[in-house]
Trainee: 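Let me begin by handing over the structure; questions about it come next.
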Amino acid sequence: MRLRCIPVTATLSARGARGLTMGMRRHVDRCARCTTEVEAHRVMDEGMRSLRGIAHQAPAEVYPRVMDGIRPWAVPMSKPSSPRRAIVAAVAAVVTAMATAAAGTVVVLVRQRHRTA
Amino acid sequence: MQREQVEPSQPPDLVERARLGDRDAFGELVRIHQHEVYTLAVRLVRDRDLASDVTQDAFIRAWRAMPQFRGDAKFSTWLHRITVNTAWTSRTKRNRVRLEPLESVASEPTSDAIDPMRAAESAAIGPAIESALGGLSTSVRAVVVLKDIYDWSHVEIADHLDISVTAAKVRLHRGRKELRHALSSWMEGAE
């Protein structure tokens, strides 16, 4: 392998033919070894992409096993909350906070009255 | 073994119904996507029994996570991510990897093939690539499969495999180099 072939080979493995610089391409045009290498990577890349289009047949037992497995969670984990429900929750939170504050105030006033008495 | 096209079509409301807890709708999604999920699992774990388990677990995880699916990505893409996570977790549970070539796997030309000659070439090399992938280590193979077959970005791969982007690039480089070496005899024979 010549010195100028090394970066070509490395670039092909790392980034494919699209990663070759102009200088590398000029070298490839003059180098039979690198031309073969570029062609091999092109075939390999296209072969890899072609695998996207095929699928292995899933075993027949997969579907029933999945359906058995999801039975315990047949009810969705969280239901979408309605705006009305959110308003009721907010009002309830405000009322609870106000009631707690009022109760605290009453307790403080009663204690103060006891001390003064 | 039968072959099917990946990216199967599905009725538009199926995902929404499943998201709202419709078990039958989810069952239909399982029927539609089980082969592509199983295929991805086989390519990652190289063991048909383990791939069946991964497929089953991935769908069960998907069912649990359905309420959180917002449709930002395609359902199949989302399912692929869950499958990769499940496969990656399962590799630590069962450390038995068979490196035998997967039988009866053949490539079919896809629409992005440039011309019939090239399409035939790609189809011919498909089984050789599937076999050669089996010779890669699990961590290297996962990166090559996700990048070169499923077109994931380096960032996505790094994120799902819990590695750095640099590590993903290094593994991809190493994997392609090893694949090129493994396929050299096939290519010489094809010339």
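Every chain is numbered from 1 and lettered A, B, ... according to where its sequence line falls, protein lines coming before strand lines.
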Trainee: In terms of heavy-atom proximity below 4.5 Å to chain A, should Lys177(B) be classed as side chain, backbone, both, or neither?
Mentor: both

Trainee: As an exercise, state the distance from CE of Met67(A) to CZ of Arg31(B), rounded to the nearest 0.5 Å.
Mentor: 8.0 Å

Trainee: Search all heavy atoms of Phe59(B) against all heavy atoms of Val66(A) and return the closest pair with its distance.
Mentor: CB-CG1, 3.6 Å

Trainee: Mind listing the closest non-hydrogen atom pair of Gly27(B) and Tyr63(A) along with its distance?
Mentor: O-CE1, 3.2 Å

Trainee: Going only through I, L, V, M, F, W and Y residues with side-chain contacts under 4.5 Å, is there a path from Val38(A) to Leu172(B)?
Mentor: no

Trainee: Between CG of Leu40(B) and CZ of Arg52(A), what distance do you get to the nearest 0.5 Å?
Mentor: 13.0 Å

Trainee: Met44(A) and Val8(A): same hydrophobic cluster, using ILVMFWY side-chain contacts below 4.5 Å?
Mentor: no

Trainee: Counting only non-hydrogen atoms closer than 4.5 Å, can you tell me which residues of residues 13-26 of chain A sit against chain B?
Mentor: Ser13(A), Ala14(A), Arg15(A), Gly16(A)

Trainee: Non-hydrogen atoms of chain A under 4.5 Å away: do they reach the side chain of Leu179(B), the backbone, both or neither?
Mentor: both

Trainee: Looking at NE2 of His35(B) and CD1 of Ile54(A), how far apart are the two atoms once the value is rounded to the nearest 0.5 Å?
Mentor: 14.0 Å

Trainee: Thr55(B) and Arg65(A): side-chain contact (heavy atoms from CB on, under 4.5 Å), yes or no, with the steps?
Mentor: CA-CA 10 Å; Thr55(B) 305; Arg65(A) 277 167 55 193; over 6 Å; no

Trainee: Count the heavy atoms of every other residue, nucleotide or ligand shown that sit under 6.0 Å from CZ of Arg111(A), and state whether that count exceeds 12.
Mentor: no

Trainee: To the closest 0.5 Å, what do you measure between CG (Leu12(A)) and CZ (Arg176(B))?
Mentor: 9.5 Å

Trainee: Looking at Arg49(A) and Asp151(B), is any side-chain nitrogen of the basic one under 4.0 Å from a carboxylate oxygen of the acidic one?
Mentor: no

Trainee: Side chain from CB out, backbone as N, CA, C, O: work out which of these in Val170(B) comes under 4.5 Å of a heavy atom of chain A, or both, or neither.
Mentor: neither

Trainee: Would you please test His56(A) and Arg48(B) for side-chain contact (heavy atoms from CB on, under 4.5 Å) and show each step?
Mentor: CA-CA 10 Å; His56(A) 298 270; Arg48(B) 293 189 186 282; 4.0 Å; yes

Trainee: Crowded around Asp13(B) CG? As in, over 12 foreign heavy atoms under 6.0 Å?
Mentor: yes

Trainee: So do Arg180(B) and Thr9(A) actually touch side chain to side chain, heavy atoms under 4.5 Å?
Mentor: no

Trainee: Between Thr39(B) and Gln57(A), does a side-chain contact (heavy atoms from CB on, under 4.5 Å) hold up when you go through it step by step?
Mentor: CA-CA 8 Å; Thr39(B) 300; Gln57(A) 182 82 29; over 6 Å; no

Trainee: How far does CD1 of Ile70(A) sit from CD1 of Ile60(B), to the nearest 0.5 angstrom?
Mentor: 8.0 Å

Trainee: With a 4.5 angstrom heavy-atom cut-off, could you sort out which part of Leu183(B) is near chain A: side chain, backbone, both or neither?
Mentor: side chain

Trainee: Are Ile125(B) and Val145(B) connected, step by step, through hydrophobic side chains (Ile, Leu, Val, Met, Phe, Trp, Tyr) whose heavy atoms are closer than 4.5 Å?
Mentor: yes

Trainee: At what distance, to the nearest 0.5 angstrom, does CG of Asp45(A) lie from CD1 of Ile129(B)?
Mentor: 8.5 Å

